[in-house]
Amino acid sequence: MDKDLLKLESKDIESAIEAILFAAGHPVSYATLGETLDLFESQVKKKIAAFAEKYNADKSRGIMLLVFNDSCQLCTKEQYIPFIKEALGIRKGGNLSASSLEVLAIIAYNEPVTRAFIDTVRKVDSAYVVNSLCEKNLIEACGRLDVPGRPNLYRTTPTFLRCFGIESLDQLPYVDLPRAPSEGEIIPLDIEIPEAESPNKEIIDELIDESKAIDKMAEQLSLE
């Protein structure tokens, strides 16, 4: 911490955090906040968690405090986006196509997955959509599956969490995924058999027929 900075009283720390996050406009790590405020990173994380609970409970605010594993950020609430676009002259852009939302939903509920897994679920080639989402930094390659050809595995990114205003994938809307394949049942190549205790990794080769489930995910995961 800069020695010229005054040591804040406990009651002023929240105000300082709010000011820093507002000025930054992007996620700020707990380590940076701790160094700035002369606090341990663990202390900052604890204070942020308590501050966020109180801050986000205030329904009169137009912004909210998002808390992530290693950082936090102030952002506008979704319901005020139309007013922001109008005031700032933003006429278009920022929205995702239905196919992009569908691919994001498949990855988010089952990550890490291969592109072949996504293609099997959607029954269409998803190469363009996957590449587009990678360019937008909403998904990323996170390794390779240990099968012939060693295809890339994809997962969502912290940018995905920030865009959809959630702290972790555990906050995604609940979806009743189809059962895992039974013993002896044939499954497509390049798709991993999930562990029984990990519902987020369950095979969803029947999900494309569950149109209501897909529609629900796409409706919830909207950037509008």
Side-chain angles (χ1 to χ4, degrees), residues 27 64 66-69 73 75-79 81-82 85 92-145 147 151-181 185 187-224:
M64 60 183 177
L66 294 181
V67 179
F68 309 109
N69 287 334
Q73 177 185 13
C75 68
T76 53
K77 291 182 178 178
E78 183 180 3
Q79 61 264 40
I81 289 178
K85 287 183 175 181
K92 58 182 180 179
N95 295 326
L96 292 175
S97 65
S99 58
S100 293
L101 290 172
E102 186 176 60
V103 170
L104 275 176
I106 293 169
I107 296 174
Y109 279 91
N110 302 275
E111 64 177 50
V113 297
T114 63
R115 209 195 80 203
F117 179 94
I118 300 169
D119 292 347
T120 299
V121 173
R122 300 183 68 229
K123 296 185 179 179
V124 294
D125 187 283
S126 304
Y128 175 81
V129 178
V130 169
N131 289 336
S132 175
L133 292 174
C134 283
E135 291 176 359
K136 291 179 172 67
N137 196 32
L138 292 173
I139 63 172
E140 63 183 0
C142 60
R144 292 182 179 275
L145 188 63
V147 298
N152 281 323
L153 288 165
Y154 294 94
R155 66 184 177 192
T156 55
T157 65
T159 299
F160 168 86
L161 298 179
R162 294 198 299 271
C163 286
F164 291 100
I166 57 178
E167 298 175 12
S168 71
L169 295 180
D170 293 336
Q171 294 181 341
L172 288 172
Y174 174 77
V175 175
D176 188 13
L177 298 177
R179 59 171 178 79
E185 184 176 349
I187 62 172
L189 292 177
D190 199 26
I191 298 180
E192 295 179 282
I193 299 177
E195 299 176 359
E197 68 272 19
S198 302
N200 276 350
K201 295 182 180 178
E202 287 184 354
I203 298 303
I204 55 168
D205 54 334
E206 298 172 9
L207 185 57
I208 197 65
D209 297 323
E210 301 279 337
S211 59
K212 291 183 179 179
I214 286 290
D215 290 342
K216 181 179 179 180
M217 285 188 289
E219 182 180 1
Q220 292 289 336
L221 298 179
S222 175
L223 287 181
E224 295 184 329

Give the intermediate values and the outcome of side-chain contact (heavy atoms from CB on, under 4.5 Å) for residues Leu169 and Phe160. CA-CA 10 Å; Leu169 295 180; Phe160 168 86; 3.7 Å; yes

Over all heavy atoms of both residues, which pair between Arg122 and Ser126 is shortest? Give the atoms and the distance, please. NH1-OG, 2.9 Å

Using only atom types and a distance under 3.5 Å, with no angle test, would you say the side chain of Thr157 pairs donor to acceptor with the backbone of Asn137? yes

Of all heavy-atom pairs linking Ile118 and Val130, the shortest is CD1-CG2, 4.0 Å

Rounding to 0.5 Å, atoms OG1 (Thr156) and CD1 (Ile107) come to a distance of 8.0 Å

Working to the nearest 0.5 angstrom, can you tell me the gap between Gln73 CD and Leu161 CG? 11.0 Å

Calculate, to the nearest 0.5 Å, the distance between atoms CZ and CG belonging to Phe164 and Leu138 respectively. 6.5 Å

Which heavy atom of Thr114 sits nearest a heavy atom of Pro151, and at what distance? CG2-CG, 3.9 Å

Atom CG in Leu133, atom OG in Ser97: separation rounded to 0.5 Å? 7.5 Å

Value for CD (Glu111) from CG (Leu153), rounded to nearest 0.5 Å, stands at 10.5 Å

Hey, does the side chain of Ser132 reach the backbone of Tyr128 with a donor-acceptor pair shorter than 3.5 angstrom? no

Note, Pro112 side chain near Phe117 side chain (heavy atom, < 4.5 Å): no

